[in-house]
Number of protein chains: 2
Amino acid sequence: MSRTPGQRAGLTHDAVLAAARTVFAERGLPGLSMRSVAGELGVAPNALYSHVTDKDALVDALLDDLLGALAPPAPDADPVAGLRGTMLATFDLLGRHADLVPLYLARQGARGPHARALGEAMVVLLARLGVDEAAGRVVRALIVSTLGYAALATADAPLGTAELRADLEVTLDWLLRGAVG
Amino acid sequence: MSRTPGQRAGLTHDAVLAAARTVFAERGLPGLSMRSVAGELGVAPNALYSHVTDKDALVDALLDDLLGALAPPAPDADPVAGLRGTMLATFDLLGRHADLVPLYLARQGARGPHARALGEAMVVLLARLGVDEAAGRVVRALIVSTLGYAALATADAPLGTAELRADLEVTLDWLLRGAVG
DNA sequence: GGACGAACTGTACACCGTCCAGTATGCTGG
DNA sequence: CCAGCATACTGGACGGTGTACAGTTCGTCC
């Protein structure tokens, strides 16, 4: 975090991302600024721009990075249970990082390797349910509801997280029944 | 918009809201600042704070105001068609104001008189379908998907608005079938 | 007509993202 | 071993943000 001046910090893209993760964990989204991340690294704010093109790009990386905490469903698991479980785990993960949910929505669920891996695992499970051509549509429907309910749970609602999670479970059932049946 | 100095502007909450609407229409969400709204009214930025507690509150009002463009479904219309139509009309409206979609999500669909009126009209239609105790849940599911798909349509997706609208139609059918059947 | 409260202005603070110009560093070829 | 060079990084600045504070001016009511 601190260096004797005149030495290189030896930053990397990953180091910047890690610092961003730390700052976000400690101070939330409002506290996540280029300046705060640079401060965490003991570095001038503009130094980040050698490793990250934009604050937007940094946030993109942070969003996908977070999805790395999610284990993709095993391809040989029960398909319906795997899909449900993945979406509920996503909901729970997002609940722990409420600030980010609107960002996921705005960028349509975050591109990036982790997100892609999850999507592909879901497609595999759907194929085993006989859903093939419409798989993309179903994945999208599941994700939309999951992110949407997470967003609702984010704001201080008349409804608590538990109720919304129950809602999500029911909704997922409706969607899967509609898609498969 | 301009006054000889020394005269009162005679602002009201509604005037501020109207100016915000104008600024947003002309310059989008990034261009919507307290300063720009004040400029539109020919007034110092802080003058707004006599009529609006916060930028957040102003945006809240703007969000609900926009929903005023939506006609609630008639209580004696065909329930399924009314619900579907309302959600699709909402999707289309949001498509015309893409910047705002993440904000709706973040505030869980915007409270306010217009939003409430829409919700209540939907509950009435659901009652005629025999959905009573679970009506709130169903309304939420419909709204979540509609907002979610609107959010996806907002970002420059691999998928265009037309495809996502078609997705939404299918999803709404699944949800309604699941809820009613 | 004098007092009062609300509306509005001027100024300022503490931030923000990011650009520009410069400096120092480590790596590479000769 | 040394010159040259690309890269990493710093200092400083620009233009923007939301909003707090203190002061002035006005309309209204007793």
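Since the structure is predicted, the reported quantities are computational estimates derived from the model, not experimental observations. Only this structure's heavy atoms are used, side chains among them; waters, hydrogens and symmetry mates stay out. Throughout, a chain's letter reflects where its sequence line sits, starting with A, and its residues are numbered from 1.
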Verify, without hydrogens or angle tests, whether [X] (side chain) and [Y] (backbone) share a donor-acceptor contact under 3.5 angstrom.
X       : Y      : value
T22(B)  : A18(B) : yes
D54(B)  : A57(B) : no
H114(B) : L67(B) : no

Query raised in the report: Any donor-acceptor pair under 3.5 Å between the side chain of R35(B) and the base of dG18(D)?
Result: yes
What is the separation between atom [atom1] on [X] and atom [atom2] on [N], rounded to the nearest whole Å?
X      : N       : atom1 : atom2 : answer
M34(B) : dC8(C)  : CE    : C1'   : 16 Å
L29(B) : dT17(D) : CG    : C1'   : 13 Å
K55(B) : dA20(D) : NZ    : P     : 15 Å
D54(B) : dT17(D) : CG    : C1'   : 14 Å
L48(A) : dC9(D)  : CG    : C1'   : 11 Å

Report task. Among the candidates dT9(C), dC9(D), dG18(D), find the nucleotide nearest to the side-chain atoms of L11(A). Result ->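 Minimum distance to the L11(A) side chain belongs to dC9(D).
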Requested in this report: Could you please name the option among dC16(C), dG18(D), dC8(C) that lies closest to any side-chain atom of S33(A)?
Outcome: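 My answer, after comparing the listed nucleotides, is dC16(C).
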Query raised in the report: Side chains of L100(B) and L94(B): closer than 4.5 Å at any heavy-atom pair?
Result: no
Query - L159(B) side chain reached by L152(B) side chain, heavy atoms, under 4.5 Å - result: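 SC-SC contact between L152(B) and L159(B) ruled out.
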Report task. Check whether any side-chain N or O of H51(B) sits under 4.0 Å from OP1 or OP2 of dC8(C), and answer yes or no. Result ->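 Yes.
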Requested in this report: Output yes when at least one side-chain N/O atom of S50(B) is less than 4.0 Å from OP1 or OP2 of dA6(C), else no.
Outcome: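 It does not, given that no N or O in the side chain of S50(B) lies less than 4.0 Å from OP1 or OP2 of dA6(C).
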**Report entry** Smallest separation among heavy atoms of R128(B) and A77(B), with atom names
**Finding:** NH1-O, 3.0 Å
Might you list the N or O atoms of the protein lying below 3.5 Å from N or O atoms in nucleotides 19-22 of chain C, with each pair's distance?
residue: dC19(C); atom: N4; partner: N46(A); partner atom: ND2; Å: 2.8

